[in-house]
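Hydrogens, waters and symmetry mates play no part in the numbers below; they use all other heavy atoms, side chains included. Remember, it's 1-based here, ligands and their atoms both numbered in the order they're listed.
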Amino acid sequence: MRTIVAGNWKMNKDRTAVMAMIASLRNVTIPKDVEVIIAPAFPFLAQAVEAVEGTAIRIASQNCHEAASGAFTGEVSAGMLKSIGVNACIVGHSERRQFFNETDAAIASKITALLEHGITPIYCCGELKEERLANTHAEVITRQMKTALGALDNEALGRLVIAYEPVWAIGTGLTATAAQAQEVHALIRSLLRTHDERIAETIPVLYGGSCKPDNAAELFANPDVNGGLIGGAALDAGQFSELIRIAGKVNT
Ligand code: PEP
């Protein structure tokens with residue numbers, strides 16, 4: 001199984017900063033079996049795709065619209081992303097669910113649109129703080145997984161990346177313990193197994209939520225954690241490069 005280190009830059013970095021960060025990352029040795037993905041903001045995607053040419057770095061967008069085209073002012077379709085060489089897309093991030101009212105049903109449609117265009121969906125799920133405190137996180141994750149992925153056939157499922165992102169850990173400095181992460185990742189894996197035992201073992205399940213160089217080794221060492229979706233620490237070339245190096249140690 002490959003280990004993925006994916007950086008979600010959110011609404012950060014202008015064009016100069018995006019290009020400077022990519023220039024730094026071009027000098028990083030990407031270990032065998034590690035995949036590096038970065039997600040700059042929409043205006044810089046085309047230039048980022050060109051800037052990573054000849055490297056193993058892949059460019060993701062942070063969102064897409066589920067429709068192919070039409071009167072959806074301000075939105076971007078999966079086909080448009082494909083036409084500029086974007087090959088992955090974060091879907092269902094908690095900030096999209098929270099601030100833009102994205103529903104599981106809309107997220108399911110986005111996943112379908114992305115797969116139709118050969119773009120890898122990085123599907124985010126995760127419980128709120130109150131759901132964790134009420135010990136209902138397993139139910140929440142099960143519902144999110146079933147609603148978003150329930151209709152996919154095995155071939156489609158096999159092209160996904162999943163990210164478990166406990167909302168209480170995103171940008172808060174709080175991180176799930178290795179045991180808390182492994183418990184939910186194992187649940188996600190078991191839900192995937194109900195679709196197909198063999199394919200379930202090939203789907204990367206990333207951890208996200210204040211993951212940084214000083215906690216990544218412990219998190220990535222869990223059997224069902226296949227890397228990280230990184231926010232804050234992905235904005236810094238030094239920290240992100242260190243996370244890539246740590247990911248390289250997982251399979252050695
Ligand atoms: C994220 O938003 O996907 C994320 C994991 O952020 P952070 O690493 O800053 O918690």
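- Lys212 does not count as a contact of ligand 1, since none of its heavy atoms falls under 4.0 Å from the ligand.
- Of all the atoms in ligand 1, the ones that sit under 4.0 Å from a non-hydrogen atom of Gly171 are 7 (P), 9 (O), 10 (O).
- The OG1 atom of Thr194 sits 6.5 Å away from atom NZ of Lys146, with the distance rounded to the nearest 0.5 Å.
- When only non-hydrogen protein atoms are considered, atom 9 (O) of ligand 1 lies nearest to Gly232 N, 2.8 Å.
- Summarising the contacts of atom 6 (O) of ligand 1 with Gly231, Gly126, Pro166, the nearest heavy atom is found in Gly231.
- Judged by distance alone, with hydrogens and angles left aside, the side-chain atoms of Arg26 form a donor-acceptor pair with the main-chain N or O of Ala51 at under 3.5 Å.
- At distances below 3.5 Å, at least one donor-acceptor pair connects side-chain atoms of Ser77 with backbone N or O atoms of Met80.
- Taking CD from Glu139 and NE2 from His137, the interatomic distance works out to 10.0 Å, rounded to the nearest 0.5 Å.
- Counting only residues at least two apart or in different chains, side-chain hydrogen bond (donor to acceptor under 3.5 Å, both in side chains) contacts with residues 200-227 comprise Thr175-Asn215, Gln182-Asp224, Arg189-Asp224, Arg189-Asn226, Arg193-Glu201.
- Not a single heavy atom of Ser94 sits less than 4.0 Å from an atom of ligand 1.
- Compare Glu95, Gln62, Lys10, Glu165 by their heavy atoms: the one nearest to atom 2 (O) of ligand 1 is in Lys10.
- Looking only at atom types and distance, the side chain of Asn87 has no donor-acceptor partner in the side chain of Lys82 under 3.5 Å away.
- Ligand 1 lies less than 4.0 angstrom from a heavy atom belonging to Ser210.
- Of all protein heavy atoms, the one lying nearest to atom 1 (C) of ligand 1 is His93 NE2, 3.2 Å.
- A ring-ring contact (aromatic ring centres under 6.0 Å, His included) check over residues 30-83, counting only residues at least two apart or in different chains, returns the pairs His65-Phe72.
- Annotation for ligand 1: atoms under 4.0 Å from non-hydrogen atoms of Ala169 are 10 (O).
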